[in-house]
**Q** 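Sharing a structure below in structure tokens format, with a few things to ask.
Note that the structure is a prediction, hence the values are computed from the model and not measured.
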Amino acid sequence: SLASAGFYDGLTFHRTIPGFVIQGGDPRGDGTGNPGYTIPAEFNDRKHTDGVLSMARQGDPNERSGAMPRPQFADSAGSQFFVCLSYEQCKALDGKYTAFGRVVDGMPAVQKIANSPIGDPASNRPKNPPVMQKVQVLPVTSENNPYVALRAQFQARINASATQPVAPAGSKDAGD
């Protein structure tokens, strides 16, 4: 509903951490803003792999010891979100943040945002925060389904690897 109302248009990515996440959706632009309300957490079993979108929220100091966030922290999300850049760095977020989407096209643009020069190292705020010109959520229909192309690409990779010759175990080429 926020995207449909134009809430994100003109907002910035106020936090960028290469190899981890880019974060945006704060109307104040400093990591403290929200739309005037918060929503309950909807933790799920989606993995925070590369390109996953997830709701940002307040961190609970108890999480450092591996505990789940307490409700006052878990239910603090509003409009801020982040995009994961590396599952290796983001897997600790699994089950503790609400993953709700995925970048299906445009990861080079996400990486470009992630590599923005940092102006404030304490907050990971870019020197010139990248601006979201227009944010739209498009429905997936039978006529417009990006997953069909992704599935075809994935299947092509599987087929290509299946046709690669496999060296016999113990041969010089095994494991190369």
**Q** Kindly determine whether T49 and K91 satisfy side-chain contact (heavy atoms from CB on, under 4.5 Å), including the steps that lead there.
**A** CA-CA 7 Å; T49 57; K91 62 184 168 187; over 6 Å; no
**Q** Quick one: closest heavy-atom pair of C84 and M107, and the distance?
**A** O-CE, 4.2 Å
**Q** Evaluate the side-chain proximity of D30 to H14: yes if any heavy-atom separation is below 4.5 Å, no if none is.
**A**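 No; the side chains remain at least 4.5 Å from each other.
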**Q** Tell me whether N44 contacts the main-chain N or O of G95 through its side chain, where contact means a donor paired with an acceptor under 3.5 Å.
**A**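 No: the side chain of N44 does not pair with the backbone of G95.
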**Q** Is the shortest heavy-atom distance from the side chain of L85 to the side chain of D50 under 4.5 Å?
**A**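 Answer no - side chains too far apart.
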**Q** Rounded to the nearest 0.5 Å, how far does CD of Q58 lie from CZ of R70?
**A** 11.0 Å
**Q** Just wondering, do M55 and I39 contact through their side chains at under 4.5 Å, heavy atoms?
**A**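 SC-SC contact between I39 and M55 confirmed.
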**Q** Taking the side chain from D60 and the backbone from P69, do they hold a donor-acceptor pair closer than 3.5 Å?
**A** no
**Q** Between the main-chain N or O of N34 and the side-chain N or O of S79, is there a donor-acceptor pair closer than 3.5 Å?
**A**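 Absent.
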**Q** Tell me if a side-chain donor or acceptor on Q80 pairs with a main-chain N or O of G33 at a distance below 3.5 Å.
**A** yes
**Q** What are the two closest non-hydrogen atoms of S86 and G19, and how far apart are they?
**A**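 Distance-wise, the nearest heavy atoms are CB-O, 3.1 Å.
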**Q** Do the side chains of P27 and F7 get nearer than 4.5 Å, heavy atoms only?
**A** yes
**Q** Given the side-chain rings of F81 and Y8, with only the six-membered ring counted for Trp, is the space between their centroids under 6.0 Å?
**A**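 Close enough - the centres of the two rings lie under 6.0 Å apart.
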**Q** With salt bridge (charged side-chain N to carboxylate O under 4.0 Å, His left out) as the criterion, how do E63 and R57 come out once you've worked through the C-alpha distance, each side chain's angles and the decisive distance to 0.1 Å?
**A** CA-CA 13 Å; E63 289 178 82; R57 60 169 176 77; 2.8 Å; yes
**Q** Got V110 and I22 here, is their nearest side-chain heavy-atom distance under 4.5 Å?
**A**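 Answer yes - side chains close enough.
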**Q** Is there a path of hydrophobic side-chain contacts, each under 4.5 Å between heavy atoms of I/L/V/M/F/W/Y residues, joining V21 to Y97?
**A** yes
**Q** Can any side-chain N or O of T12 pair as donor or acceptor with the backbone N or O of V131 at less than 3.5 Å?
**A**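 The answer is no, because no donor-acceptor pair under 3.5 Å joins these two groups.
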**Q** Does the distance from a Lys or Arg side-chain N to an Asp or Glu carboxylate O, for E42 and K96, drop under 4.0 Å?
**A**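 Answer for the salt bridge query: no.
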**Q** Counting N and O atoms only, with roles assigned by atom type, does the side chain of S4 sit under 3.5 Å from a partner on the main chain of S1, one being a donor and the other an acceptor?
**A** no
**Q** Are the side chains of P126 and F13 in touch, meaning some heavy atoms are under 4.5 Å apart?
**A** no
**Q** Any chance you could measure N62, atom CG, to M68, atom CE, to the nearest 0.5 Å?
**A**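 N62 atom CG to M68 atom CE measures 12.0 Å (nearest 0.5 Å).
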**Q** State, yes or no, whether a side-chain contact exists between S54 and L93 at a heavy-atom distance under 4.5 Å.
**A**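 Of all side-chain heavy-atom pairs linking L93 with S54, none is under 4.5 Å.
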**Q** Could you tell me whether the side chains of D94 and H48 share a donor-acceptor contact shorter than 3.5 Å?
**A** yes
**Q** Looking at D9 and V135, would you say the former's side chain and the latter's main chain have a donor-acceptor pair under 3.5 Å?
**A**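 Flag set: sc D9 to bb V135 pair under 3.5 Å.
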**Q** Establish, from distance only, whether the side-chain atoms of T98 and R46 form a donor-acceptor pair under 3.5 Å.
**A** no
**Q** According to a 4.5 Å side-chain heavy-atom criterion applied to Ile, Leu, Val, Met, Phe, Trp and Tyr, with indirect links allowed, do L11 and Y37 form part of one hydrophobic cluster?
**A**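 L11 and Y37: one cluster.
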**Q** State whether F82 and R15 meet the cation-pi test: NZ (Lys) or CZ (Arg) under 6.0 Å from the six-membered ring centroid, and within 45° of the perpendicular axis.
**A**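 The answer is no; the distance or angle limit is not met.
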**Q** Under a 4.5 Å cut-off applied to non-hydrogen side-chain atoms, are I113 and T16 in contact?
**A** yes
**Q** Do we see a donor-acceptor contact under 3.5 Å between the side chains of D120 and S123?
**A** yes
**Q** Please say yes or no: joined through hydrophobic side-chain contacts below 4.5 Å, possibly via intermediate residues, are F100 and V103 part of one cluster?
**A** yes
**Q** Quick one: do V52 and F20 end up in the same hydrophobic cluster if we chain Ile, Leu, Val, Met, Phe, Trp and Tyr together by side-chain heavy atoms under 4.5 Å apart?
**A**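 Each belongs to a different hydrophobic cluster.
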